[in-house]
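Every number for a ligand or one of its atoms is a count from 1 in the order of the listing. All values below were derived from every heavy atom in this structure, side-chain atoms included, with hydrogens, water molecules and symmetry-related copies excluded.
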Amino acid sequence: MKSLVSIDDLSPENVRSLVDRALDPHKTLADLNAEPVSLIFLEPSTRTRVSFECAVHGLNGRPIVIQENGSSFEKEETLKDTLLNLKAMGIRVHIIRCKAENEITKLAKEGFHVVNGGDGTREHPTQALLDLTTLKSLTPKWDDLNKKTLCIVGDLRSSRVARSWAALAPKVGINLRLCSPAAWKPWHWGEGTFHTEKLKEAIEGADFVMALRVQKERHSGDSLGLHLEDYVRDFQISRNNLASNALLMHPGPINWGVELNSDLQNDNRSIIMLQVKMGLSLRKVVLSQIFESLP
Ligand code: CP
C-alpha cells in the first residue's frame, strides 16, 4: 500500500489484515528512523491530527505539522507545489486533510505517497477503519461481524465517515443502516444501502449506533434545510431511545444536546473513547504499511 485515499483502494483481505495487525499486541511495525512525515491539515482537527502525530512518533518518525494559518497556503500555494517542495526536503509521506474532494486522489495518481485524513464530504478512510477495528476488538471472529448491524444516524449528506462506511460495510459483511431526515439523505453515494427517515426503525435491533455531528459549516448559507429543534426532537440519540444492549459510537467532535443527549455523557454503552484509542493503533499500522512498501 503506497497511499490510502479511499476505502475503495482496499480489498476485503487488505481491510482484515490492517485491522488484525492493529489489534495484534505483538505486532512489529516499521522503524522510521527519525524520518519526517508531513501532516497537512487545511480543515480543523483534533483526533485525526493528534493521533497521526502520535503514530509518527510511535514509529520513531518526526511529524511536521502544516496548517493553513501561518503557512504559504495563506499565499495560495497549491497542495501539489507544497508536496513538491516537501519532497525536495526529503519528506516522502504526507497525511492530508483538505476541503477539496478530489485533490488527494490526484496527488496519489501523480506518485505522491498520501494518506487521506478527510477530504471535504468525500471520505475519511482511517476513521471508518478505526471504527471497524473497535468493532472487531469486541467481536472474537470476523464471521461474527456478519451478524452485526451498524446504524449511522444524522447529517449523512455532509459525512465523509458515513460515506467511507458505505464502502467498507460490504467488504466485511456488516449490515449497515443509514438514518437521516430527507433533507440530509445523501444524493451521490449510498445507493443500495438501507436508508430510513424513521429513527425507531433504524435503531431497533442495531448492535451499534453511531451518531454524526451536524456539520453546520458544510450546509449552504445559513440554511440547514430543516429546523435544528425538529432534528433534535426526531433524531437525537438519548439514554431512553438507545437499546440497553446497543453500543454507542461517534466519530467526534460531539455536539452534546444536538445529535447526542447529554444524558449519555457517562453512559456505559458508549465506546466512543475506545474508538479514539483504536485510532492510534490503526493509524500506526497504515503508516507502517506505506513505509514498508517504499524502496
Ligand atoms: N473524527 C475526526 O475526524 O475528528 P477530528 O476532526 O477532530 O480529527
Side-chain angles (χ1 to χ4, degrees), residues 4-7 18-19 22 37-58 63-69 73 94-101 103-104 114-135 137 150-169 176 178 186 189 208-219 237 247-256 258-260 264-265 270-287:
L4 176 57
V5 179
S6 163
I7 292 293
L18 281 167
V19 169
V37 178
S38 80
L39 287 87
I40 301 173
F41 275 71
L42 306 180
E43 284 194 330
S45 170
T46 298
R47 277 146 293 274
T48 310
R49 182 178 60 75
V50 175
S51 65
F52 266 120
E53 273 192 73
C54 291
V56 173
H57 279 298
I64 308 289
V65 178
I66 300 170
Q67 291 173 305
E68 185 151 8
N69 198 353
F73 285 108
H94 314 274
I95 300 147
I96 303 174
R97 169 170 288 192
C98 63
K99 273 196 182 62
E101 305 210 341
E103 201 63 24
I104 303 176
V114 287
V115 180
N116 183 353
D119 56 344
T121 62
R122 203 180 74 98
E123 275 226 43
H124 196 351
T126 61
Q127 179 68 45
L129 288 167
L130 75 86
D131 295 337
L132 178 63
T133 307
T134 307
L135 304 192
S137 76
L150 166 65
C151 171
I152 304 185
V153 183
D155 187 359
L156 297 170
R157 189 168 287 184
S158 306
S159 180
R160 51 198 177 201
V161 177
R163 191 168 172 187
S164 282
W165 258 109
L168 184 60
L176 181 64
L178 300 174
W189 60 265
F208 306 102
V209 176
M210 182 190 295
L212 299 173
R213 181 173 70 86
V214 178
Q215 300 189 42
K216 293 179 187 163
E217 72 277 16
R218 296 201 198 277
H219 291 271
I237 308 296
L247 295 175
L248 177 67
M249 305 175 76
H250 194 302
I254 300 168
N255 284 165
W256 291 106
V258 183
E259 66 272 10
L260 289 184
L264 284 166
Q265 271 180 0
S270 170
I271 52 170
I272 296 169
M273 288 306 133
L274 185 59
Q275 290 174 263
V276 178
K277 182 175 169 193
M278 291 299 162
L280 175 55
S281 193
L282 182 275
R283 286 173 173 137
K284 274 163 90 170
V285 168
V286 166
L287 288 175

Student: Hey, which atoms in ligand 1 end up nearer than 4.0 Å to a heavy atom of Gly252?
Tutor: 1 (N), 2 (C), 4 (O)
Student: Identify the closest protein heavy atom to atom 6 (O) of ligand 1: which residue and atom is it, and at what distance?
Tutor: Arg97 NH1, 2.8 Å
Student: List every atom of ligand 1 that sits less than 4.0 Å from any heavy atom of Gln127, numbering the atoms from 1 in the order shown and giving each element.
Tutor: 1 (N), 2 (C)
Student: Quick one: nearest non-hydrogen protein atom to atom 2 (C) of ligand 1, plus distance?
Tutor: Thr48 OG1, 3.5 Å
Student: What are the atoms of ligand 1, with element, lying closer than 4.0 Å to any heavy atom of Thr46?
Tutor: 5 (P), 7 (O), 8 (O)
Student: Tell me if a side-chain donor or acceptor on Gln275 pairs with a main-chain N or O of His250 at a distance below 3.5 Å.
Tutor: yes
Student: Identify whether NZ of Lys or CZ of Arg in Arg97 sits under 6.0 Å from the centre of the six-membered ring of Phe41 and within 45° of that ring's axis.
Tutor: no
Student: Number the atoms of ligand 1 from 1 as they appear, then name those within less than 4.0 Å of a heavy atom of Pro251, with their elements.
Tutor: 1 (N), 2 (C)
Student: Suppose we measure from atom 4 (O) of ligand 1 to each protein heavy atom; which comes out shortest, and what is that distance?
Tutor: Arg47 NE, 3.0 Å
Student: Kindly say whether Leu156 contributes a backbone atom to a donor-acceptor pair with the side chain of Ser159 at under 3.5 angstrom?
Tutor: no
Student: Is there a donor-acceptor pair under 3.5 Å between the side chain of Arg160 and the backbone N or O of Gly120?
Tutor: yes
Student: Going by an N to O cut-off under 4.0 Å, is there a salt bridge joining Lys99 and Glu68?
Tutor: no
Student: Between the main-chain N or O of Ile40 and the side-chain N or O of Ser38, is there a donor-acceptor pair closer than 3.5 Å?
Tutor: no
